[in-house]
Amino acid sequence: MEKVERGIVEPVGEVNLRPSKLDFQNVSKKVQSMLESFFIRKGFLLLVVGFLLGRALILAKLTPFSLPFFASVYLIKKDRAPLALVGLIAGAATLSLTNAAFNFAIAFFFLIVYRISQKWLKDETKALPFYVAIILGVGKLAESFILSSQLTIYDGMMVSIQACLAFILTLIFLQSIPLLTVYKRRQLLKTEEIVCLIIMLASIMTGTIGWKLYDMSIEHIMARYLVMVFAFIAGATVGSTVGVVTGLIFTLASISSFYHMSLLAFSGVLGGLLKEGKKIGVSLGLIIATLLIGMYGEGGGSLKLMLMETGAAIVLFLLTPQGLTSRLAKYIPGTPEYTAEQQKYMRKMRDVTAQRVSQFSSVFDALSKSFSQMDHISPEAESERELDYFMSNVTAKSCQNCFKKEQCWVKNFDTTYAAMEEVIHQMDQNDGNISIRVSRDWEKVCSRPKKVYETIGQELTFFQASQKLKKKVQESRKLVADQLLGVSEVMDNFAKEIQRERENYYKQEEQIMEAIQGFGIHIEQVEIYSLEPGNIDIEMAMPFCNGHGECEKLIAPMLTDILGETIVVKHEECASGSGGFCHTTFRSSKAFTVETGFAHAAKDGGLISGDSYSTIELGLGKIALAISDGMGNGERAHYESKETLMLLQKILQSGIEEKVAIKSVNSILSLRTTDEIFSTLDLAMIDLKNASTRFLKIGSTPSFIKRGNKIIKIQASNLPMGILQEFEVDVVSEQLKAGDLLVMMSDGVFEGPKHVENYDLWMKRKLLELETDDPQEVADLILEEVIRSRSDMIDDDMTVAVAKIKHNTPKWASIPVHKLKRNA
């Protein structure tokens, strides 16, 4: 029994008998959540607001707030309208019972009119301000007539003013009431919503006029508190605006509060300017404004009261939780919190876009793997299975009705199978013919040899066609798999590029601006987008330069010395007049540049050449030179070669790897037509960062690199494009140097010289004899030499492309300035 109890009841260890400490953060969150739930979700905030607006006055007589507030709540939150009405009537009752009865009657009259006409309304929101203005105007006229039994011009003017105010207040409440009723707002505030919110808050605070606490006016305390909150959140501009608007509304409510508008506006400006000092700085701004306005406009007795009111407002302000001000700042344009919220939204959209692109990339990758998966059967097993199918078809057509069928395929199966297999192999390898020995052996076994030979011949025809089709399908599958894989890689790189955040270079921008302005050049703005070595991207705005070229002659050299690498002007947009600004983009300069020259001639001096050439600028600092020679001469050959280069250029510029691009072009050319049309391709891709070059030669002639007195030959052995569906692209890599001459040519030039046995030797000798290194002159001289060697006859299309590799050295000398700290 004791053992059982020990097994059931586990010992309790490490019991903490100390009282747990209160987690003030969690308690604060719970209290905040309870208050939000009570006031916002359950709608009791509308009860409080309605009470204050019910007793709010303008010019100590007009009460235009009640009906606009009730009508707006009824339209936006119909289930909370009774709470708002109760608050309005209770607030009006603090002024007079007559006012409370009028508010109830006018609200009831509005409900009747609105419900009757609701079926004809197309847009309730647009119609509501007109309804409120008309109903309030009619109600006020009726009230004036009932109380005084007559109507005067003054009564009409006051009613018109109240109707206009009701119209405007309805528009304001329609914008601002949703801010009080939405529990968790997701969208950011618009500027007009912020203005409406300020007006509504100031109108609510007019309901506190007359309330006193130790001789201090509650409305003054709340107004100064409101100004300090907005000045702390949004700075001097919004703070002064809140001060002016709040003071103006208080002035309309009570003429004696006119000086208060100056105090609120001044304190909003000072508090906003001192917001860098946090809450203490904003509070100091209010104290300074109170002292100045108090000493200027009031006596010493009232200054003490003003300072007491200011002190009470400061205490409230200092007790305001940081989370509340930060939350409010997210919705006000111009604040860092608002900017951070927008960046968060943009970052989310960017991540969603990158995720979608990555998903598409994975889809293409999966499709590529699906196409690249072949049947997992060994070649021996596949060959044996195909032979069995072949024999079954032959025996079904030739042996099925033979009287020796049972003897051959039942009693002597192995002998018959081996003999027929030998016959099939002989006929397959010898175009339907068999040797005398195999024929004699088969005739010993079979009684109908001629029938079998005919059947095997027919089946071989179908079998060979089937094998060709099967091979083409496999090659097409592999090509599609390569293309899909290339698209997947491009999309994957694009997704990574999207997710790469732009870094903030505020300190570096200031350093660059100070360094350039230190030389007397005025810079309006500097925007740094990238400081990655080799990929620097900077934009500047400066006053009108009158076309003197300051950017290229002065600023680019200074940036070069500051950043430690060569910077050049990529794009410049000068202002049209003296009052505008010039915008310039500075980028990293590549270590090398390529100067090109081309020379070409058509067969027999014609106008259309079958050769095409192109210089293709690719991203990431690469340039490609390409020559394509279409089969034959004339317009058709020109079309084929031009189409080859155009397709290659489009595919390469999309970011797909060179090998996949060339295979794709080859597939398109071979599948596009059944004619025997093909093109050669000679492609050289030069990386301008380090001059490394990749040569891809498809059926083309060798290329030559002239380096001083040395000639380097570049060649590869690939068939022309369009002949074979599947082929391997040989890539030859070579490191070029500054001063090298790269010479590429079509076969019309390389094999053009007459009475020459060794074309390589002849071309090397001619290149060594050249006395110029200008690319265009070299191309012209080579073409002229070839044509002269044939007695000025052009027997084939000729094209020569020459590229000279040069160091990219700017024409200016750098100016020594302070170096930029990239990681500052």
Correct closest heavy-atom pair for Pro68 and Thr170 would be CB-OG1, 3.4 Å
Those residues at least two apart in sequence (or on a different chain) that pass side chain to side chain contact (heavy atoms under 4.5 Å, CB included) with Ile288 are Leu270, Leu284, Leu292
Quiz item: Where do Ile538 and Glu527 land on the side chain to side chain contact (heavy atoms under 4.5 Å, CB included) test, with the steps shown first?
Solution: CA-CA 6 Å; Ile538 300 174; Glu527 287 282 346; over 6 Å; no
(Q) Any non-hydrogen side-chain atom of Ile218 less than 4.5 Å from a side-chain atom of Lys212? (A) no
Sorted by chain and residue number, the ring-ring contact (aromatic ring centres under 6.0 Å, His included) partners of Phe102 (sequence neighbours excluded) come out as none
Residue set satisfying ring-ring contact (aromatic ring centres under 6.0 Å, His included) with Phe232, at least two apart, ordered chain then number -> Phe317
Practice item. Please tell me if the side chains of Leu264 and Val244 come closer than 4.5 Å, counting only heavy atoms from C-beta onward. Key: no
Q.
Before you tell me yes or no, could you show the steps for Leu318 and Ser283 under side chain to side chain contact (heavy atoms under 4.5 Å, CB included), namely the whole-Å CA-CA distance, both residues' side-chain angles and the distance that decides it to 0.1 Å?
A. CA-CA 9 Å; Leu318 294 176; Ser283 303; 4.2 Å; yes
- Item | Any donor-acceptor N/O pair, Ser217 side chain to His220 backbone, under 3.5 Å | no
Across all chains, not counting sequence neighbours, the ring-ring contact (aromatic ring centres under 6.0 Å, His included) partners of Tyr225 are none
Distance col, row Glu509:CD vs Ile528:CD1, nearest 0.5 angstrom, shows 5.0 Å
Closest heavy-atom pair, Asn99 versus Gly54, reported as atoms and distance to 0.1 Å, is ND2-O, 4.3 Å
Interatomic distance, CG@Leu171 vs NZ@Lys126, rounded to 0.5 Å, equals 12.0 Å
Does any part of the side chain of Phe167, heavy atoms only, come nearer than 4.5 Å to the side chain of Val132, both counted from C-beta?
no
So, the side chain of Thr320 versus the backbone of Leu316: is there a donor-acceptor pair under 3.5 Å, distance only? yes
Hits for side chain to side chain contact (heavy atoms under 4.5 Å, CB included) against Leu248, two or more places apart or cross-chain, chain-then-number order -> Met261
Counting N and O atoms only, with roles assigned by atom type, does the side chain of Thr246 sit under 3.5 Å from a partner on the main chain of Gly243, one being a donor and the other an acceptor? no
The side chain to side chain contact (heavy atoms under 4.5 Å, CB included) partners of Val315 (sequence neighbours excluded) come to Leu319
- Are the side chains of Ser267 and Thr290 in touch, meaning some heavy atoms are under 4.5 Å apart? no
#### Entry: Side chain proximity check, Ile106 to Val138, heavy atoms < 4.5 angstrom
no
Using only heavy-atom distances, determine whether the side chains of Glu510 and Gln508 contain a donor-acceptor pair under 3.5 Å.
no
Notebook entry, point to check: Using 30° and 60° as the class limits, which term best fits the ring planes of Tyr74 and Tyr114: parallel, tilted or perpendicular?
Noted result: perpendicular
Distance col, row Leu46:CG vs Leu83:CG, nearest 0.5 angstrom, shows 7.0 Å
Margin query: Using side-chain heavy atoms (C-beta onward) and a distance below 4.5 Å, is Leu85 in contact with Asn103?
Written below: no
Taken to the nearest 0.5 Å, the spacing of Leu53 CG from Leu88 CG works out to 6.5 Å
Between the CZ atom in Arg55 and the CG atom in Leu95, the distance rounded to the nearest 0.5 Å is 5.5 Å
Value for CE (Met228) from CD1 (Ile233), rounded to nearest 0.5 Å, stands at 12.0 Å
Closest non-hydrogen contact found for Ser72 with Phe173 is OG-CB, 3.4 Å
Heavy-atom nearest pair, Ser203 first then Ile249, reads OG-CD1, 4.1 Å
**Prompt:** Considering residues, nucleotides and ligands other than Ile153, do more than 12 of their heavy atoms fall under 6.0 Å from its CD1?
**Reply:** no
Taking every heavy atom of Gly271 against every heavy atom of Ala231, the minimum-distance pair comes out as C-CB, 4.0 Å
Side chain to side chain contact (heavy atoms under 4.5 Å, CB included) between Met306 and Leu263, worked out:
CA-CA 10 Å; Met306 289 175 64; Leu263 171 61; 4.0 Å; yes
| said: Checking the side chain of Glu573 only, and the main-chain atoms of Cys582 only, is there a donor and an acceptor separated by less than 3.5 Å? | reply: no
(request) Decide side chain to side chain contact (heavy atoms under 4.5 Å, CB included) for Met216 and Met308; before the verdict, give the C-alpha distance in whole Å, the side-chain angles of both, and the deciding distance to 0.1 Å. (result) CA-CA 7 Å; Met216 294 184 295; Met308 289 173 62; 3.7 Å; yes
* Asked: With no hydrogens and no angle check, do the side chains of Thr310 and Arg224 hold a donor and an acceptor under 3.5 Å apart?
  -> yes
